[in-house]
Amino acid sequence: MTTNDSSRQFGSSGVKKSLMSIGRLLPWILIAGIPVLWLLVQAVLSVSHLPELLLSARIWGLLLKSILVTLASTLIALILGGAAFIALEGKPWPKFLRNPLTILAFLGVFLPPYYQVALWRPWFGDFPIKLEHWRWPILIALLGISYSPVAFAFFKLGLKTLSPRVLESGLLLSSNRFSFHFRVLLPQLFPAIGAAGSLIGLLVLLNYEVGALLLMRLYPEAVFLEFDGNPKLGPATLFALPLFLTAFAGVYCFWKVLQKGFFSGEAQGGAQLLRYQPSWLSSGLSLLVGSVWLFAVVIWPLGRLLQLAGGTEITATFSQVWKLHGEEVLDGILVSVSATVVVIVMALLMVNPKNAASKVGLWISLTLALPGHLLGAALIQIYNQLPAPLDSIYMSPAILVIAQVARYFPLAYLTLAIVLGRVPRSQWEAGEILEPRPWIRFFKLRIPWATPGLALAGGLFMLLQSLELSASHLVAPPGSQPVAVTVYSLLHYNTVLEIPAGLCLIQFFITVILGGGLLGVSYLTWSWIGKK
C-alpha cells in the first residue's frame, strides 16, 4: 500500500469516526443542545447589559447567600448520610432488619424538599420558639435532610467498588471500629463523598421552590423573576451567568470524581468484608443514629403528611383529591413513563462503552448547570417559532417530555456510562470478533450487560423528573399541569393543607411504585458489582 493510499484510508477512517460521534450525540443536540446554544446566542446579543449586571450588589449578595446555603446544606446531608451509612453497614442490626432498613432509608429520596415545607407551614408563628425567626436554619436543615439519602446511596455504591484486600488489611490493623471507619473506610470512599457532595450541592444550588415557599430570596428565584419581569432571554441569561458558572463548577467536580473513582477498574464487591462483631456500645450508638435518621428522613415526614391529609379520614381525602386532580395525576404518569423510555433509549444508544470516561459526558452534563426555568424559557421561545405543524408540540404534553429529558438526561447518561464502563474491555473485544454486525451486538451484548444500569438510570430519572418544578411550571400547556406544579400552587396559595398533603402522598406512592420499582430491578440484577 502506498503512502497516499494509507493516508487516504486514515483520513476516511477519521471522518467515519467523527460522523459516528456526531450521530451518537445527535439526540442530545436536538433535545438539549439547541436550547443551550439558543441561550448563549441570546446572551451574546445582550452583552451590552453585562456591565450594569456585574456591578449590581444585589447579584453578588444573592449569589453569596445561595452558595452559603448550598455549602451548609451539603455538609449536613453528607454528615447525616455518612452517619446512617456507618450505622446501617456496621452490622449491629438483627439480620432480618438489615435489608428492610436500607430499603426504608431509600424512601427518603422520594420525599422532595418542597413536600416537607408543607409540614412546617402550620407551625410558623404558633410554635413556642417562633419558627418565623428561624427560617434560614430551617431552610438549610430541610435541604440537608432531604438530600441526605443521596449521600447514603453514593456511600453504598462506593463501598461495593472497593478492593477487598484494602478493607481486609484495614480490619486487621485497626484496633476498633472507630479507627477502621475514619482511618481506612472513609479515605477509601473519597470518590463517593466527592460525587455525592458535588451532586447534592448542584441540586441545592439550583433549588427554586423551597426558598420561594418559605419567602426567602435565593438566586434561582431571582433568575426567574428577572425573566418574568422582562421575558427576553438575553438579560435573564446574563443575570444567570454567575449561577451557571458556579453550578458548572459543581458539574465539573462531579464528573472528575466519577472519572477517578467509578470508571476505573472492575467492581470488587468489598462490602462483604464488613462482617465483624461490634461492641455493645457501638451497636447501641449505631442503632440510635440509624433510628434517628430514618425517623427524620422518612417516618416523621410521612406521618406528618398523613396527619395533615386528614388522619383517620385519609380515604375521604384521597377520594376528594382524586376528584379534583385525578386527571393531572394520570397525565403525570403518562409523561413520566414516556420521558423515561425516551431517556433510556437515548442513553443506551449514545454511551460509548470503550471510552465511558470521555469528555463527551462532561459536555452533556453541562445541561445540569442551567437553571430549570431558564431552560424552560428557551424551549418556549424555540417551539413558539417553529413552523406548522411542529408548533403544536408546545401546546401538547410532548413539551413536558422534552423539558424533562433536556433537564435530567445527563444523570441517566452518566449512570449508564458507569455501568457499561465497568464491563471488562476483553468482553467487548470478544463480542466484536464473534459478531461483527453492530446492531446484533447491540441487542445481544449491550442491552443484557446494561440491564441493571438501564433500570437504575430509569429509576433515578423518573424520581427526579416526576418531582421537577422549575421548568415544568413554565412549559406546561393548558390542561396538562404536572402534579409537582399543582402541589406547589396549592402550597403557595392555599392555607388549608389537607388537599396538597393528600396530593403529596398520592404522588409519593406513585413515584415509589414507578421509580422504586426500577431501582429494585436494578438492585436485583446488579450481580456484576457483587452481592451482599
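Index from 1, following the sequence. Atoms considered below: every heavy atom in the structure, side chains included; atoms not considered: hydrogens, waters and symmetry mates.
Note: Tyr488 and Tyr208 have tilted aromatic rings, judged against thresholds of 30 and 60 degrees for the angle between ring planes. Between Phe248 and Tyr252, the ring-plane angle classifies as tilted under the 30° and 60° cut-offs. The aromatic rings of Tyr408 and Phe461 stand perpendicular to each other, their planes meeting at an angle above 60°, with 30° marking the opposite boundary. Between Phe224 and His473, the ring-plane angle classifies as tilted under the 30° and 60° cut-offs.
With hydrogens and angles disregarded, a donor-acceptor distance shorter than 3.5 Å links the side chain of Thr486 to the backbone of Pro482. Between the side chain of Arg407 and the main chain of Leu370, a donor-acceptor pair closer than 3.5 Å is present. Looking at Ser148, its side chain does come within 3.5 Å of a backbone N or O of Ile145 through a donor-acceptor pair. A side-chain donor-acceptor contact under 3.5 Å links Ser66 to the backbone of Leu62. For Ser466 (side chain) and Leu463 (main-chain N/O), a donor-acceptor pair under 3.5 Å exists by modelled atom type. With hydrogens and angles disregarded, a donor-acceptor distance shorter than 3.5 Å links the side chain of Glu468 to the backbone of Ser472. No side-chain donor-acceptor contact under 3.5 Å links His325 to the backbone of Trp322. Checking side-chain atoms of Ser396 against main-chain N and O of Ile393 turns up a donor-acceptor pair under 3.5 Å. Between the side chain of His373 and the backbone N or O of Leu469 there is no donor-acceptor pair closer than 3.5 Å. For Asn207 (side chain) and Val210 (main-chain N/O), a donor-acceptor pair under 3.5 Å exists by modelled atom type.
Rounding to the nearest 0.5 Å places CG of Leu205 at 9.0 Å from CG of Leu218. Taken from CG in Asp331 to CG in Leu400, the straight-line distance is 9.0 Å, to the nearest 0.5 Å. The distance from atom CG of Leu225 to atom CD of Glu221, rounded to the nearest 0.5 Å, is 5.0 Å. Taking SG from Cys253 and CG from Leu258, the interatomic distance works out to 11.0 Å, rounded to the nearest 0.5 Å. Note that CD1 of Ile344 is 6.0 Å distant from CG of Leu518, once rounded to the nearest 0.5 Å. In this structure, CD1 on Ile510 lies 12.0 Å from CZ on Phe508, to the nearest 0.5 angstrom.
Using a 4.5 Å heavy-atom cutoff, the side chains of Leu206 and Leu243 are in contact. Counting heavy atoms from C-beta on, the side chains of Val297 and Pro149 come closer than 4.5 Å. Residues Trp28 and Thr367 are in side-chain contact: their nearest non-hydrogen atoms beyond the backbone lie under 4.5 Å apart. When side chains are defined from C-beta on, Leu374 counts as touching Leu233, because their heavy atoms get closer than 4.5 Å. Between Phe318 and Lys323 there is no side-chain heavy-atom pair separated by less than 4.5 Å. Side-chain contact between Val41 and Leu45: present, with at least one pair of heavy atoms (C-beta onward) separated by less than 4.5 Å. Taking the side chain as every heavy atom from C-beta outward, Arg304 and Gln307 approach each other to under 4.5 Å. The shortest distance between side-chain heavy atoms of Ile314 and Leu306 falls below 4.5 Å.
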Can you check side-chain contact (heavy atoms from CB on, under 4.5 Å) on Leu199 and Phe154, steps first, answer last?
CA-CA 10 Å; Leu199 180 58; Phe154 268 95; 3.7 Å; yes
Residue pair Leu302, Leu505: steps toward the side-chain contact (heavy atoms from CB on, under 4.5 Å) verdict:
CA-CA 8 Å; Leu302 283 178; Leu505 287 171; 4.2 Å; yes
From CA spacing to verdict: side chain to side chain donor-acceptor pair (under 3.5 Å), Thr237, Gln42
CA-CA 7 Å; Thr237 305; Gln42 295 295 316; over 6 Å; no
If you apply the rule side-chain contact (heavy atoms from CB on, under 4.5 Å), what do you find for Val204 with Leu143, and how did you get there?
CA-CA 7 Å; Val204 172; Leu143 292 171; 3.7 Å; yes
Pair Tyr413-Val351, side-chain contact (heavy atoms from CB on, under 4.5 Å): steps then yes or no:
CA-CA 7 Å; Tyr413 173 89; Val351 170; 3.6 Å; yes
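Taking the six-membered ring where the residue is Trp, the centroids of Trp293 and Phe152 are separated by under 6.0 Å. Under the 6.0 Å cut-off for aromatic ring centres, Phe85 and Phe155 qualify, their centroids lying closer than that.
Nearest heavy-atom pair across Thr74 and Gly201 is OG1-CA, 3.4 Å. Between Leu308 and Ala501, the shortest heavy-atom contact is CB-CB, 3.8 Å. Residue Val405 comes nearest to Ala339 through the heavy atom pair CG2-O, 4.0 Å, listed as atom of the first residue, atom of the second, then distance. For the residue pair Val512 and Phe110, the shortest heavy atom distance occurs at CG2-CG, 3.8 Å. Of all heavy-atom pairs between Phe409 and Val343, the closest is CE1-O, 4.0 Å.
Each of Leu490, Leu491, Leu305 was compared with Leu497 under the side chain to side chain contact (heavy atoms under 4.5 Å, CB included) criterion, and only Leu491 meets it. Partner of Phe239 under the ring pair (Phe, Tyr, Trp, His ring centres under 6.0 Å) criterion, out of Phe244, Tyr219, Trp60, Phe227: Tyr219 alone. Shown are Leu368, Val251, Thr415; of these, the side chain to side chain contact (heavy atoms under 4.5 Å, CB included) with Pro410 is made only by Leu368.
Looking at Ser336 and Gln465, their side chains do bring a donor and an acceptor atom within 3.5 Å of each other.
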